[in-house]
Amino acid sequence: TPTSMAISPSSAVPTGTTTPSSGPRSTTPTVVSDLAVRFPKTQQGAEDFVRFVMAQVSKAYATADPTLIRPLVDVTTCPDCSRWISATVEMKQNSRHYEGVFVTMQSVHSLTVQGDAAGVITQVVAPAGKTVDSQGRTVHARSAEGPFRTDFFLQFREHWFVTNTEIVR
């Protein structure tokens with residue numbers, strides 16, 4: 001179901017940037033090249049990127065907008081990432097969205113960055129929540145789960161990408 005254990009944080013991260021130019025300033029959505037600057041190839045950059053991804057997943061479920069996740073993940077290697085996108089696509093098609101805190105990240109810790117790869121270990125809780133239709137009627141209720149460990153596998157290409165996740169039970 002669209003609300004099966006997919007992950008997102010309890011706090012949102014701003015997604016816009018103000019870009020100075022020779023003309024007037026404009027606010028534009030985050031561009032992919034900007035992600036490498038915001039989240040460098042360091043342990044801290046990897047941790048902050050995972051927090052950002054989960055904020056985007058949460059926002060995607062709340063707004064039924066899969067475009068918030070697509071540029072951050074590799075769906076060819078990450079089944080959970082693929083499910084996040086397909087679930088939000090389905091929600092959008094059915095005029096549904098998720099209400100509630102999808103996942104609370106209790107801890108985030110990156111292992112040493114090895115070349116272009118990093119592992120990030122998180123501890124998460126999934127509070128109770130629900131998927132609702134356009135009239136606010138509950139379509140699916142989710143019970144609280146956790147805490148449990150979720151490992152994120154990242155690769156740095158033009159910026160960090162989630163290449164896989166694993167829930168450790």
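Given the structure is predicted, the values throughout are model-derived calculations rather than measurements.
A salt bridge (charged side-chain N to carboxylate O under 4.0 Å, His left out) check over residues 60-69, counting only residues at least two apart or in different chains, returns nothing.
Checked by atom type and distance alone, the side chain of R96 never pairs as donor or acceptor with a backbone atom of T88 at under 3.5 Å. Formation of a donor-acceptor pair under 3.5 Å by the D133 side chain with backbone atoms of Q135 is found in this model. Remark: side-chain polar atoms of S86 are paired, donor with acceptor, to backbone N or O of S82 under 3.5 angstrom. H159 places no side-chain N or O within 3.5 Å of a backbone atom of L72 that could act as its donor or acceptor partner.
Between V168 and D151 there is a side-chain heavy-atom pair separated by less than 4.5 Å. The shortest side-chain heavy-atom distance between T104 and M54 does not fall under the 4.5 Å cut-off. The closest side-chain heavy-atom distance from T163 to C78 is not below 4.5 Å. Contact annotation: the side chain of W84 approaches that of V73 to within less than 4.5 Å [non-hydrogen atoms, C-beta and beyond]. Counting heavy atoms from C-beta outward, Y61 and M91 have side chains that approach closer than 4.5 Å. Contact of the T63 side chain with the L68 side chain is registered, since non-hydrogen atoms from C-beta on lie closer than 4.5 Å.
Residue F152 is tested with V108, D80, I121, T122 for a side chain to side chain contact (heavy atoms under 4.5 Å, CB included); the sole match is T122.
Annotation: the span from E166 atom CD to R149 atom CZ amounts to 8.0 Å, rounded to 0.5 Å. Summarising the geometry, atom NZ belonging to K130 is positioned 13.0 Å from atom CZ belonging to R142; distances are rounded to the nearest 0.5 Å. Note: T150 OG1 to I167 CD1 = 4.5 Å, rounded to the nearest 0.5 Å. To the nearest 0.5 Å, the span separating CG on D74 from SG on C81 amounts to 8.0 Å.
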Name each donor-acceptor pair under 3.5 Å that joins a side chain in residues 39-49 to protein atoms two or more places apart or in another chain, with its distance.
| from | atom 1 | to | atom 2 | distance (Å) |
| --- | --- | --- | --- | --- |
| K41 | NZ | D116 | OD1 | 2.7 |
| T42 | OG1 | G45 | N | 2.9 |
| Q43 | NE2 | S110 | O | 3.0 |
| Q44 | NE2 | D48 | OD1 | 2.9 |
| Q44 | NE2 | D48 | OD2 | 3.4 |
| E47 | OE2 | S110 | N | 2.8 |
| D48 | OD1 | R51 | NH1 | 3.0 |

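Nearest heavy atom pair, residue V101 against residue P127, reads O-CD, 3.5 Å. Scanning all heavy atoms of the two residues, the minimum distance from V132 to V139 falls at C-CG2, 4.0 Å.
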- Query: Yes or no on side-chain contact (heavy atoms from CB on, under 4.5 Å) for V120 and H109, after CA distance, side-chain angles and deciding distance?
  - Reply: CA-CA 6 Å; V120 179; H109 175 74; over 6 Å; no

- Task: Please lay out, stage by stage, how E145 and R169 fare under the test salt bridge (charged side-chain N to carboxylate O under 4.0 Å, His left out).
- Result: CA-CA 11 Å; E145 296 181 62; R169 298 205 188 249; 3.8 Å; yes

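Tracing side-chain contacts under 4.5 Å through hydrophobic residues (I, L, V, M, F, W, Y), one never reaches L35 starting from F153; they form parts of separate clusters.
With sequence neighbours left out, the side chain to side chain donor-acceptor pair (under 3.5 Å) criterion links R70 to no other residue.
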